[in-house]
Every structure is written in structure tokens, then in C-alpha cells.
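All remarks here apply to the structure that follows.
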Amino acid sequence: MQLALPKKESWIHGVNPSLKLLIMLMIFIGIMFIHDVDVMTYVTLSILLVFLASIKYPVKIKMLLLLPFLFIFLTSSLAMIMFGKGDTTLLRFGLIHVTEESLFRGVHLGLRSMVFAFCGMLFALTTKPVQLFYSLMQQGKLPPRFAYGFMAGVRLLPIMVEEYLTLRNALLVRGVKQERGLSGLVKKLNFFSIPLLSQSIRRAHRVAVAMEAKRFSRQKTRTYYYKTGFSTKDAWFVALFISVFMIGFAAADYLPLFSITDVRYR
Amino acid sequence: MRRMKRGLKLTDILVTIVISLVFGIIYKIWGPVYSLLTPLGLQIQELSYGMWFIAASVAYLLIRKAGVAFLAEVAAASGEFLVGSEYGLMVLVYGVVQGLFAEAVFMGFRYKKFDVMVVSIAGVAAAIGSLLMDLFRGYLFDYVWWNVTLLISFRIIGAILLSGVLANVLVKALEATGVTSLLRPASKEDFDSLRQ
Amino acid sequence: MDQIILLEDLQLKYPGGRQLFHDFTLSVKKGEKVLILGPSGSGKSTLLQVMSSLIPGVLEVPMLAKETVTPISWGYVFQDPDSQFCMPYVDEELAFVLENLAVQREEMPERICRLLELVGLDLEDMHTSIGKLSGGMKQRLAIASVLAMEPEVLFLDEPTAMLDPEGTHQVWETIKGIDEEKTVIIVEHKVDLILDYVERIVVLDEEGCIVADGPISSILQNQIPLLKKYGIWYPGVWEEYLEEREPACEVFSISSNQIPIITLDEFTGYRGKEKKIEVEKKVIHSGEWIAIVGENGAGKSTLLESLMQLIKTKGAYTFDGEPVQRIPFERIGFVFQNPEFQFVTSSVYEEIAYALRLEKRKEEEIERQVEGLLHRFQLEHLKTRHPYQLSMGQKRRLSVASAVIKQPDVLLLDEPTFGQDSKNTFRMLEWLSEMKHAGVAIIMVTHDLRIAENFADRVWVVEDGKVKEEFLGKEFCSKAGNRREQHAIGIT
Ligand SMILES: Nc1ncnc2c1ncn2[C@@H]1O[C@H](COP(=O)(O)OP(=O)(O)OP(=O)(O)O)[C@@H](O)[C@H]1O
Ligand SMILES: Nc1ncnc2c1ncn2[C@@H]1O[C@H](COP(=O)(O)OP(=O)(O)OP(=O)(O)O)[C@@H](O)[C@H]1O
Ligand SMILES: [Mg+2]
Ligand SMILES: [Mg+2]
């Protein structure tokens, strides 16, 4: 959901969203079976390349988007590096015990998280929610009640942001003083969270009633305003990700980087 | 699934999805919170993990129907995913698993209990679900033993506090605004007072 | 039998409220055009929901009935324009209805286009975000989506409450133009334009009992005192009211040395980056009543929001002689177009008391003042209710009551009288008059030209995001009538 980002479409926008989701899930499962840190490194690098090449945002924004990934890498690897099992000690400091095994395992975990993050970001940036749910109904056989529930929900999200602004306006108009500091923040959270939640429940309820009034549940068959199907782009997309993995395995074979090939503890 | 079909009306589905999407945004904000706690070491961050199970508890306490907890957790995860979570796809898969585990607990109570106890137990179940996932994804047992123990206990404590106690507090506050009368069937007393 | 709707011995009660219908019986024949009238809060919206089987099918309100017959194919236009859509864009919303009807995809764009034309919603692009439409435009879209269903029975719950006179006219023309065969059930306060259309009138009292039911001619001939008693708008209410009212109060005059309370000079308001309202030069004095009129989407609400500094503005703006840095919220009362935007507490009583609580007034004083307003705005029996559980008209009155209680110097009101019965409208107007005489400057957006003519000192006409012209209240109708703008502001 590219809420605030400039919209420039890449070819991946044209890939069938259900297929895209399926591929992503397969990547997720596939990655779980890679225990070789060399393969993992190459796969990560190639997916990073795909990400950078296919997202059409200004370089500055791309760099900004990458920033959290670094963080992800650190947070998901650090604990394993410091507290993982292993025999070849590299460093010992109090409770911290870094071994060669735990170091590589940690790096491996960090890379895994990065791949999940790249794929997720790639998907989120190249998929319109409405298209996704239409496609899930048509190709994925998702019951329309859920698909439209999601779409209506997504439509309500910006309305809720607006509602937050409105509520703030209302409080201003009604003369509430703004407080600073932590206690002010807690108060604010309290003041906003309950009204916003209850308001969104009421709104959702009303929208559901209005949908029923438009005979949503009566109809057995339905047609679709947006038709989603398959195209050659889909084939390219599948091919792209198969080759990413093939390159990963091949490169690890010809050009191994690290001494450890299986990061699991025996 | 068949049960869900009979039980959940469009209003239930939409309300569940909408509040879950709100929680999805909170889930997304929670990512950095969790990450910021991580460098403290000793798995302190795990105490905050329970936030990621809260949608299931809140939705179940509000709507009190079968299937709601699962739907809520999946919807919240999808919301988090669609706004671009830094964890990417992982959240979706975790959401499904956690939702299933929480739902199983409510089913175990036959959808008849709606108190802190049940949601806390459901939170613990969701925590176990997430731990199982970690086992596959994160080589959970390759940490030294005391570290795994800390991780597991903190996550379970966090689950009880956040998706049990906090969820209950939230729902109580929402009940006070009268919004729940929309979601729950009319009471027998109301009908009886009409008959006179 | 050709009865298409039948309710027999209906009993209904909202949880926690008082019983609304006692042994209520009503039947509607196929093809009938029925108008349901009644004071605000009498249960009209609820009745429509029961007749369409939304209650108890979708909304589980406690209800009993000996027998109910409800139509299969029906369409419903709701009172609240903001929450009847489920898709983000105009075309997608209409497509949603067409999908429900299993219309072929190829036919959709053309049908959508035709529907938009039918309700007079001319957009540059069908794929416009619904969030960007003004209140009135949304209501037109809602009507379009109902017409898309080509239903057998149409339920219309004040479909024109937020529309400009021209739009109101168009909507009724559209509805009159649809198939003779269709059954149409209308709830509406402003009845002038449909008296030649409906055949039957049903009048409800405050408790939701039918006090009159019959062909339109007999009701309008024999039941006028009854209509008057229940505060129902009927042709000629205004004339009668104006006659009874004490001879018009003194004409407003500005003493030359008085400092204006508000001055505006090259004042503009922005939504995002777009300039949405522009005021060249205007001066407002204490004790003055200004009415703002204009088409749907012209920028009236935007103007009020700019004055309140809720959106970004540029240009010179002084308040009480001083350039505005931060708006003195304690001195300005504001009523949003959508009353729900305003509510910050969870009961009617607290909502009104809120401003006084902030000022830390004494409890007895708060009680005295709040009770006074509750009585004035006919909300006494709803004291403990959550603001969202009121009827539309009640919400509107509550929002006004909670804004006037702090006795501001300036009062900005965005359509404060829509959806009100005549009794409550006049009460509110009188209350505003009193405030005006106490020296409050009132700036009020309205689509009701009678109000502009009879109560306002001056009328501003907003068109395309500009305050174009200004008239003296009294001369407004006659002068504006001669202008080209007559079309835009609906004087015929
Ligand atoms: N959700 C609700 N919960 C409790 N009470 C309600 C609810 N909705 C409406 N009521 C009450 O039921 C009564 C009838 O409401 P309804 O909305 O049907 O009135 P109405 O005739 O349409 O009024 P208006 O002309 O102001 O729209 C009102 O007194 C209102 O306060
Ligand atoms: N939140 C918003 N974001 C962007 N544009 C908006 C928003 N609200 C209104 N607009 C646009 O600003 C213009 C003026 O809208 P505004 O609501 O002020 O009209 P209005 O005169 O009050 O109409 P109405 O009589 O229908 O209430 C319209 O073109 C509308 O599309
Ligand atoms: Mg109503
Ligand atoms: Mg407006």
C-alpha cells in the first residue's frame, strides 16, 4: 500500500497478485530449508538486486527504504551470535560467548530476515490492495465476504486517519489543552485510542449494513469489475525467482565464501 | 470452516477486519519497539512480543463468536504486511499460526467463556505457536539453554500481560462506550420487556 | 394480495431506551408512494429499517411482531452520507452494486456513467476518490448506487438533507422520473417538492404511534393542527410562523466606532496544496448574523474550517482587533457539518457539560445550565444516552447545544438545522437570535434560503471556492433572483 510514496509502476505491478503472493510464500518455505550460509548470502544478494532494479523510486527513497533492513539484520542476528551454541570460541565476555558456529548461524538468521523483508517490501510496493483481493476472489476462490470485508477495511483506514485528525480538531475546538511530556502522552493515548476504536467499530458496522442493503449477500454468482488473469509477466516472474535460487546454489558451489556449510548445531 | 460460515455475518467480519487493521498498524509500529529493546540483551524484548497476539483476544472478547480470533489475527498480520512491515512475509505466516493456536483455545472452551483467563490462555497458546515457528525459522534450540529458557518465559509472560490483561482492559473500556450493543445479540430481558 | 409490506403488532425497543413502537400496524400496497412524517426522534429511520428487514436481519434490535411481510428487492438511501460506501473510488463503489447484480463487466463503465449523469454528479474522472467529495456529492453517489439496483421498493431516509436547493430539485426529479410501478417510501422533513408526488402520508408522534394515515389531500386539508402540534413541516409553516413571530427586531446597524470582531483580507484556505477557498475582503461585527449559501462542494465548510484554522490558511485574519496567531478556541464556538465529528464524551449530559467542566465551574451551576439547554433542545429524556445512539436530528441538536453553552463571542455553524422538524428549527433559530442580540456574531452555512432571508443580516454567496457576492438578508431573495446565480442557489 503505497500510501505516501510517489507512484511509478514497474512491470511487477502487472504480475497476478495471487501468484505473486504464492511465489512469496514458496520463497518463505524454501528459505527455511537452506542451512548453508554461502547459498543464503548469494540468494540474499540476488534478491536485493531484483528489489533495487524493479522498484521505480528515486534513489534517495530506495536508500531510506533499505535503512530498516540493516536494523533487522542486526536485531535478528545479534542474540544468536552472542548466545548461540558453539565450540570454537572467538570471544567470551561475561555471559556473552561468541563462537564461530554461533557467529555464522547469527549471520545466516540475519540474512534470512532480510530476504523475508525484501520480498515483503517488494510485494507491498508493487501490489494494490484492491487488485490483490479481486485476484484472490477470482483465482484464489476467497469467499467475497472476506475479500470485500478486507477492501472495505482498507478503504476505512485513511478515513480513520482522518478521524484521528477530526478528533484532534474536535478536542481543539472544544477547548482541550495540550499537555507535554510523558504523562501528557499517556493521557493522549488514552484519550484517542478508545474513541478511535469504538468509532471504527461503529463505522465498520454501518458500512456492513450499507453493503447488505446493496444486496451483497443475496447474490450467488457475481461478476467482477476488475478482471485479473495471467499473462507472460507471470511466467517471467516465476522464472526470475527460480533463477535467483539456482544462481544462489551455483555460486555457492563455485565460489564458496565461508568455511561452514551447515549452520545447524550438531 | 463450515461453522464459521454459519456463524459470522458480514457485520461481524467487517468489524473484525477493521479493528484488526487498526491493530495491524500497531503491530507495524511495534516492530521498531521490539527491535529497540533487543540490544539490551537477555531477551528482554520478548516481554513485548505479546502485543502481536492482541488482535485475536480483543476481537474474540468483542464479538464472541467462532472464527473471529483467527480472522482477526490473520487480518492484523495482513494489514501489517500490506503497509510494508520490515519483517515481510514472515508476519503473515506467523499470523496464521498464532491465530490458529488462539482459536483452538477458544474452541476448547466452546466459545462460552469471555474473561481474562481465557484470553490469557489463548495468548500463551499463540506464544507457543510463534515459538514453534521460531524453532523452524530461527534455530531456537541452538541458543545456550539458559537463553532459550529466558526467551520462552519472557514471551509467555508478555503474552499474558499484553494479549491477556491489556486486551481485557481495552475491551472493558470499549464496553463502557456502549458500542458493544451493536455487536452482541439482544439480551433476553430486552425481548421479555417487549412481551408485556 | 398486492400488499408489499406488512407489519402487524410491531413492538420494538433499543436496548436501554424506551419502547419505540407499541402494537404498531402498517401496510403498504404495491406501487404506493408513501411519505412518513414525524418529529425528530419519533422512529422514522427505525421504521424504514424494519420495513426493509435490515432490522432484525442485519441489525439485531429487540423486536417482536405478529406478522411481517418485507419486500425482496429494495434499495435504501441512508441518512448519513459518510458511511454508506465500501470502496475507495466512485466508479468502484457503483461497480460493487453492479457486481452484486451480476452485470457483465463490459457493460459496467457505461452504466456507471449513465448513473452518474442521472443524479447530476458530473465528475471529470469516474475514478475519483470518494473521500474528496463534499457531503452533498456523496449523497448523490448514494442515490446513484441505489438506482443502480433498479429495486422494486425504494426507501429514502432524508436523501436531500445535505443537498443544495438545485440538487434537491434534481434528486426529486430523478426519483419522480423512475418507474411508476415502484413502491417508494420516503422520510423527509422538507416536503414542499414532493407533495405532488406522494399519494399517502403517515404521521408518527414522539412515541412512534401513527396519529394520522391517509391520502395526501385529506391530511393536508383536515390535519393541519395536528401537523403543527408535532412540529411537522407543511406548506405554509414559514408564513404562519413569521406572522406569529414578534414584529421583526430592529435592523442591525453598525455604530461607526465599533471594532469588527473579525476581518479578513485576501484570506485563503488550503486542503493539502490546493487552494479551496478565497475571501477578498470581509468584515464581521459583534451581533451580526451572516448566512453562507452556495452549491454542494462550493467550499462553505472549507471556509468555516479556515476561520477555525483547522486547515492551512494564508492572508490577513484579525480577531477582535488582533492578528490571529493561535485561534482563541474559548471564544469561538464551532459546529461541524457532521455532528458526530464533535462528540468527545460518552453521554449526552456530559457532552453538553464538557465546556463548563473545562472551565472548572461549580457543579450546581453546570447542572442548571445543562438542564436548561437539555430542555430547550428537547433532549431531556436522552441525558444518559451515548451521543452516537441518537437519531440524526437529535445528534444535530446536541452538537449545537454543546457549542453554544460556553457563550462564545463568535459562533460558526455548519448547517445546524438540517434534518430538524419545524418546532426544533424555530426553537434553535430563536435561541440563536437571542445570542445575536446578546452580541454574538453568528456565521452560519445553510441551504435553507428562508433562514437566510428571514434571520440573517447579510448573506454571502460562495461559488467555486470564492466568496463571490454579498446581499443584505432581507433583499437576498429578490435581488439574487435577478442574477445569473439564481440557478446555482436554487431560486426558481
Ligand atoms: N442505536 C440506537 N440505540 C439506542 N437508541 C437509539 C438508537 N438509534 C436511535 N435510537 C433512539 O430511537 C428513537 C428513534 O430514532 P430514529 O433514528 O428512528 O428517529 P427519527 O424519527 O429518524 O429522527 P430524525 O428525524 O431526527 O432522524 C430516538 O429517540 C433515538 O434516540
Ligand atoms: N477532506 C478533503 N480533502 C480534499 N478535498 C476536499 C475535502 N473535503 C472537501 N474537499 C473538496 O473541497 C471542495 C469544497 O468542499 P466543502 O466541503 O467545503 O463544500 P461545501 O460547500 O461545504 O459543500 P456541501 O454543501 O456539500 O457541504 C470540494 O470540491 C471538495 O471536493
Ligand atoms: Mg432519522
Ligand atoms: Mg459542507
Side-chain angles (χ1 to χ4, degrees), chain A residues 1 3 24-25 27-28 32 68-69 71-72 75-76 78-80 82-85 95-97 102 105 109 112-113 116-121 123-125 129 145-146 149-150 152-154 156-157 160 193-198 200-205 207-209 211-212 216-217 263-265, chain B residues 5 8-22 25 31-32 34-36 38-39 41-43 45 58 62 71 75 78-79 81-93 136-139 141-148 151 170 173-174 176-180 182-183:
Chain A
M1 218 173 29
L3 281 183
M24 295 290 168
L25 282 174
I27 293 175
F28 181 84
M32 297 261 236
F69 293 153
F71 209 58
I72 288 294
T75 53
S76 42
L78 261 175
M80 183 54 87
M82 295 190 299
F83 306 118
K85 287 185 196 164
L95 286 174
I96 298 172
H97 181 205
S102 71
R105 202 180 304 124
L109 278 185
R112 256 187 194 181
S113 300
F116 297 155
F118 289 146
C119 291
M121 198 59 102
F123 184 89
L125 288 178
R145 285 184 307 158
F146 293 99
F150 270 99
V154 171
L156 286 178
L157 275 185
M160 279 185 270
S193 61
I194 299 301
L196 278 180
L197 270 179
S198 75
S200 51
I201 292 174
R202 281 176 210 281
R203 180 140 297 195
H205 195 263
V207 169
V209 171
M211 283 168 76
E212 289 292 17
F216 177 63
S217 298
V263 294
R264 283 172 294 187
Y265 189 71
Chain B
K5 244 183 190 144
L8 286 188
K9 296 194 299 180
L10 182 67
T11 44
D12 300 324
I13 293 176
L14 204 61
V15 169
T16 307
I17 289 177
V18 168
I19 49 173
S20 304
L21 288 178
V22 175
I25 292 177
Y34 179 84
S35 309
L36 279 176
T38 308
L42 301 184
Q43 312 286 7
Q45 77 279 3
V58 171
L62 280 174
L71 176 63
S78 334
F81 177 58
L82 285 178
V83 284
S85 166
E86 56 268 41
Y87 298 104
L89 266 177
M90 207 172 92
V91 295
L92 211 57
V93 182
F136 289 118
R137 183 201 55 95
Y139 303 124
F141 287 153
D142 286 359
Y143 287 102
V144 290
W145 65 270
W146 59 266
N147 212 270
V148 192
L151 187 150
L170 262 179
L174 283 172
T177 68
V179 69
T180 41
L182 283 176
L183 306 175

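To find a chain, count down the sequence lines: A is the first, B the second, and so on, and within it residues start at 1.
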(request) Go through the atoms of B:Ser78 and report whether side chain, backbone, both or neither lie under 4.5 Å from a heavy atom of chain A. (result) side chain

(request) Examine whether an atom of A:Phe123 lies under 4.5 Å from a heavy atom of chain B, and if so say whether it belongs to the side chain, the backbone or both; otherwise answer neither. (result) side chain

(request) Nearest 0.5 Å please: distance from the OG1 atom of B:Thr16 over to the CZ atom of A:Phe146. (result) 9.0 Å

(message) Using heavy-atom distances under 4.5 Å, tell me whether A:Ile72 contacts chain B through its side chain, its backbone, both, or neither.
(response) side chain

(message) Would you say that A:Met160 contacts B:Val22 through its side chain, given a criterion of any heavy-atom pair below 4.5 Å between the two side chains?
(response) yes

(request) Go through the steps to decide whether A:Phe71 and B:Leu36 satisfy the test side chain to side chain contact (heavy atoms under 4.5 Å, CB included), and finish with yes or no. (result) CA-CA 9 Å; A:Phe71 209 58; B:Leu36 279 176; 4.1 Å; yes

(message) Can you tell me which of B:Trp145, B:Phe136, B:Phe81 forms the most heavy-atom pairs within a distance under 4.5 Å of chain A?
(response) B:Phe81

(message) Can you give me the closest heavy-atom contact between A:Gly153 and B:Val18, atom names plus distance?
(response) CA-CG2, 3.8 Å

(message) If I measure from the heavy atoms of chain B, does A:Ile194 come under 4.5 Å with its side chain, its backbone, both, or neither?
(response) both

(request) Sort A:Leu156 into side chain, backbone, both or neither according to what part of it lies under 4.5 angstrom from a heavy atom of chain B. (result) side chain

(request) Report the option among B:Gly31, B:Pro32, B:Ala75 that has the most heavy-atom pairs separated by less than 4.5 Å from atoms of chain A. (result) B:Ala75

(message) For a quick test of reading the model, state the closest non-hydrogen atom pair linking B:Ile19 to A:Ser200 and the distance between them.
(response) CG2-OG, 4.4 Å

(message) Could you report the tightest heavy-atom contact between A:Val154 and B:Leu21, atom names first, then the distance?
(response) N-CD1, 3.7 Å

(request) Side chain from CB out, backbone as N, CA, C, O: work out which of these in B:Leu10 comes under 4.5 Å of a heavy atom of chain A, or both, or neither. (result) both

(message) Given heavy-atom pairs under 4.5 angstrom as the criterion, report whether the side chain, backbone, both or neither of B:Ile13 touches chain A.
(response) side chain

(message) To check you understand the geometry: which heavy-atom pair defines the closest contact between A:Arg202 and B:Gly178, and what is its length?
(response) NH2-C, 4.0 Å

(message) Please rank B:Val91, B:Val93, B:Leu62, B:Leu170 by heavy-atom pairs under 4.5 Å with chain A and give me the top one.
(response) B:Val93

(request) Enter the distance from A:Ile96:CD1 to B:Asn147:CG here, rounded to the nearest 0.5 Å. (result) 10.5 Å

(request) Under 4.5 Å heavy-atom distance to chain B, tell me which part of A:Ile27 shows up: side chain, backbone, both or neither. (result) neither

(request) Could you have a look at B:Thr11, B:Leu14, B:Val15, B:Asp142 and say which one has the most heavy-atom pairs with chain A under 4.5 angstrom? (result) B:Asp142

(request) Would you confirm whether A:Arg145, through its side chain, and B:Leu8, through its main-chain N or O, come within 3.5 Å as a donor-acceptor pair? (result) yes

(message) Rounded to the nearest 0.5 Å, what separates atom OG in B:Ser20 from atom CZ in A:Phe150?
(response) 7.5 Å

